[in-house]
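Read the structure below first, then the notes.
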Amino acid sequence: MEYNFREIEQKWQAYWKNNHIYKTEIDLDKPKYYVLDMFPYPSGAGLHVGHPLGYIASDIFSRYKRLQGFNVLHPMGYDAFGLPAEQYAIQTGQHPAVTTKKNIARYREQLDKIGFCYDWNREIRTCEPDYYKWTQWAFIQMFNHYFNKQLQKAQPIESLVKVFETVGTEGIQAACSDELQFTAQEWNSKTEKEQQEILLNYRIAYLADLKVNWCPELGTVLANDEVSEGVSVRGGYPVEQRVMRQWSLRVSAYAQRLLDGLNTIEWTDSLTETQKNWIGRSEGAELRFDIKDQDFNFEVFTTRADTIYGVTFMVLAPESELVKQLTTPEQAEEVADYLDATKKRTERERLADRRVTGVFSGSYAINPVSGTEIPIWISDYVLSGYGTGAIMAVPAHDSRDYAFAKHFNLPIIPLIEGCDVSLESFDAKEGIMMNSGFLNGLSVKQAIAKAKAYISEKNLGRLKVNFRLRDAIFSRQRYWGEPFPVYYKDNMPYMLDESRLPLELPKIDKYLPTEKGEPPLGRAKEWHTEDNFPLELCTMPGFAGSSAYYLRYMDPKNDKALVSPEANQYWRNVDLYIGGTEHATGHLIYSRFWNKFLFDLGLVCEDEPFKKLINQGMIQGRSNFVYRIKNSNTFVSLNLKNQYETTPIHVDVNIVSNDMLDIEQFKNWNPEYKNAEFILENDVKYHCGWVVEKMSKSMYNVVNPDDIVGKYGADTLRLYEMFLGPLEQSKPWDTNGIDGVHRFLKKLWSLFYKNESFIVNNEEPSPEELKVLHKTIKKITFDIENFSYNTSVSAFMICVNELFALKCNKKSILEPLVILLAPFAPHIAEELYQALGNTVTVCDAVFPVCNEEYLKESKVKYPISFNGKVRFTLELPADMRKEDVEETALANEQTLKLLDGKVPKKIIVVPGKIVNIVL
RNA sequence: GCCCGGAUGGUGGAAUGGUAGACACGAAGGACUUAAAAUCCUUUGGCUUCACGGCUGUGCGGGUUCAAGUCCCGCUUCGGGUACCA
């Protein structure tokens, strides 16, 4: 009987489905294990072979854990809201839901063919009302809470209101946008609207004025990458920096906890590092500067308080509120011109074009330590959003300040002994201080500490920790996203009652902004509450739906809660999360934030959502080329092309095999090549060139998993994807080589069947066979635990090669091997497991355990080396004493020959490993 | 600029500081076959030798060690991330 993968795979996929093999329920008698893939956005292009890489890896681990007796949760779903579907809708008028549904069906079909063990009963789609109900619900909770900095957790906003009513802002520790100060009396005398406006300053989900790229012609906010040289990429309309009222999430309040949490989870170093940088904690001081001749002062943030004696100018961000205050009448015109010029530039342009620009404000600050007068400048190299939007410039020790000082001819005072600042600044935090009054003679580290102490003591400012992490802008002027559960009364936002959720997306006629420039939802009829209050017109961004989806999988059908306490208590959090690095600073920050918020509310029992995280590498494309001789329709093979003047042309990798072009298929591939002629090599073949680049349609290097499954089967695809190389490494997809793993499966099959008959017997295994099996068990177990799946596949190959050489057809050896292989190649494993006489699925077998007894070697081949170079090997008993090994090695004939009468200086014997004779 | 990864045969890659190149692809040769496919066997880093063998070899230059692809220092180079963050 032949290995008929088509029949086998269809048979078992149907069996799994009909018998609900992958349905998962809470089982208090078993330990749980939660394995999650980053769910895909169902794009119109379908899956290519790069997508399943991580899914296969997680599938192997899920099946492995199940075989080890764990109750495994392994769900899948779709991140279904998103821009491509909406753009398609704008072009075609087709509702995004229709396109999305179609794409999901296609994804599902492709996924099913690969034989994953997903529990599809738990499937979720972020665009479904019964799912996004809970996204909206979470938003309401965020609106109704503020972040208490003292407790480092979210608290109900009512408790803050109580404080305001009794003592005002006195002593409050609430994360906020602006530091406000008022008394209880002032609070109590404010109107409802005023009070609501103030509360927005504290809510975790808040509405605030933010600077955005606004395109009046298109009527929408644009992302930085949608703007170029001041005009929109689409249409070329002017774009301006504009302050708009947008929803935001106060992610920054959680900065410290997001940072601390990284130490409690097992993520890769690089990912942890990326998040740390993104959160960007910096310790420093906020230092107060008085203004000359004015009863006014402002603060700057610095991490280098030690450089206070080197401050030769101050710089304000153009957007800073201080600009107005500090611009003198004489400088007013020049400053206004500068502000105008900078306003026109987008953030992107500012970054791209690093020319030094700036203008003098006319005012002077007083150095709080030295008392000197310092000119205050305005420049766009200072960001309004970080620190206080103003800096003290120390050109000798900061490269940006240095460039500015050189450009405007401002003084540069070096503060470190022996440093040369004639050509560039000295930014390193090392050396001995000079020109610095009471700090002279100290090392930089000591000086930083002393300066900080001085500042607190003399009350010149305060110690401060700043974070780079920004709040997340949460409004999008789009249709295909979650509607906000928000209505407006007297222009103030209010939350809908939870009983009104989900607030479903309304139908609209066109997916474009309205004539008035409102977002698409402005077109909806009846888009208001029963009391006629208008509903919010923006929708939520892409990351909203993916921020808590892992919780929903625990209890996907619950209409009373996002997740029941019982389900959450059992499944807790994700034990293993596999996905791409592209989410390092987006989704993986937002969902950690979202989870921590829900944790604060007591709604989930774990502070961190993803215990262990692995990033699978990207699968790159491997493109093939043919070489056309210039001005002809003749193609010359790779190794002959240098004899001609040629143009390389991408050719579809699917009509190339082992870099040999299928000439007939090529002729049919494009009518242009119908009559093409070919110059072949000696082997009468056309060899193609190749290069590794991004997998994309335009390079004709996209490989569809369906084609691979059709030709070789799902088990071969699964094994081959793993065999390509280490999981976390980026690597090109190259279908060359897939024959190797397919041959392996056929060879495995041949241990069971020969000429139509089943040849497995019940004979007792030999010690050698047992050694082969148990060696493999040990290796596979180790590899799975370490996600080293490429070496597992090779271990399987070695095992089968050895059993083949031993002509082993014994059930006692083959059955454990089949179970071992089941996580990797589940279809063939099921088939062979059944053939061995089992009547239940191999999914519920018991994973074999290595018995070290079988691995014991009686003899060891010692490499005998001289000065580290191996000269020959010597087979000795494994339990031979070190001294005896040394003696035997030295007495050996070949040793004597190599010693040539010399006396060794030293002899190293590593028992069981090696002998090294040092001459 | 900063941070994080890599660099090993024609190719993908393997190697707890202990025989570099496992496993696989490709290639070459052979067996079977009318033929092809499939399958099986042999060889396959480079140089050198009739052969036994020898020399050399993990991006480059140093170092530690009895022993380095692996550890340390200094580079080169290719990916990826991130950035006027004071």
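Here is how names work: the chains are called A, B, and so on, in the same order as the sequence lines, proteins then strands, and each is numbered from 1.
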Next item on the list: Scan side-chain atoms only and decide if A/Ser282 and A/Tyr386 contain a donor-acceptor pair under the 3.5 Å cut-off.
Entry: yes
Notebook entry, point to check: OP1, OP2 of B/A14 versus side-chain N and O of A/Asn790: anything below 4.0 Å?
Noted result: yes
Next item on the list: Give a yes/no on whether any side-chain N or O of A/Lys869 is located under 4.0 angstrom from OP1 or OP2 of B/U56.
Entry: yes
Margin query: Using OP1 and OP2 only, check whether a side-chain N or O of A/Lys746 sits under 4.0 Å from B/U39.
Written below: yes
Item checked: Whole-Å distance separating the NE2 atom of A/His397 from the C1' atom of B/C84 -> 19 Å
Notebook entry, point to check: For A/Gln620 and B/G12, what is the distance between atoms CD and C1' respectively, to the nearest whole Å?
Noted result: 12 Å
Check: Has A/Asn615 got a side-chain N or O lying under 4.0 Å from the OP1 or OP2 atom of B/G80?
Finding: no
Next item on the list: Assign B/G17 to syn or anti; the rule is syn for a glycosidic angle within 90° of 0 and anti otherwise.
Entry: anti
Margin query: With nearest nucleotide decided by heavy atoms, which residue, A/Thr303 or A/Ile914, maps closer to the 5′ end of RNA chain B?
Written below: A/Ile914
Check: Using a distance-only test with no angle check, is there a side-chain donor-acceptor pair under 3.5 angstrom linking A/Asp398 and A/Ser425?
Finding: no
Checklist line | Lys/Arg-Asp/Glu bridge criterion (N-O < 4.0 Å) met for A/Arg288, A/Glu286 | finding: no
Notebook entry, point to check: What nucleotide among B/C66, B/C84, B/G13 has an atom nearest to a side-chain atom of A/Val918?
Noted result: B/C66
Note to self: Suppose the criterion is salt bridge (Lys or Arg N to Asp or Glu O under 4.0 Å): which pairs have a residue in residues 782-798 of chain A, not counting sequence neighbours?
What the structure shows: A/Lys779-A/Asp783
Check: Just the dot-bracket of RNA chain B, please: which string comes out with Watson-Crick or G-U pairs under 3.5 Å, [ ] for crossing, | for another strand?
Finding: (((((((..(((.....[....)))((((((.......))))))((((....))))..(((((..]....))))))))))))....
Checklist line | Any A/Lys731 side-chain nitrogen or oxygen under 4.0 Å from OP1 or OP2 of B/G12 | finding: no
Checklist line | Atom-pair distance (CG on A/Leu271; P on B/G80), nearest Å | finding: 17 Å
Next item on the list: Look at the aromatic rings of A/Tyr3 and A/His742 and report parallel, tilted or perpendicular, splitting at 30° and 60°.
Entry: tilted
Item checked: Ionic contact status for A/Asp659 with A/Arg622, cut-off 4.0 Å -> yes
Checklist line | Side chain of A/Asn801 - closest among B/A24, B/U19, B/C84 | finding: B/A24
Next item on the list: For B/C85, take OP1 and OP2 only and decide whether either is under 4.0 Å from a side-chain N or O of A/Arg470.
Entry: no
Checklist line | Whole-Å distance separating the CD1 atom of A/Ile378 from the C1' atom of B/A86 | finding: 18 Å
Note to self: Please confirm whether the shortest side-chain N or O distance from A/Thr791 to OP1 or OP2 of B/A22 is below 4.0 Å.
What the structure shows: no
Check: Any side-chain donor paired with an acceptor under 3.5 Å for A/Asp401 and A/Tyr381?
Finding: yes
Check: What integer distance in Å separates A/Glu728:CD from B/G80:C1'?
Finding: 14 Å
Check: Looking only at side-chain N and O atoms, does A/Gln729 come under 4.0 Å of OP1 or OP2 in B/G13?
Finding: yes
Notebook entry, point to check: Under 4.0 Å between a side-chain N/O of A/Arg743 and OP1 or OP2 of B/C25, yes or no?
Noted result: yes
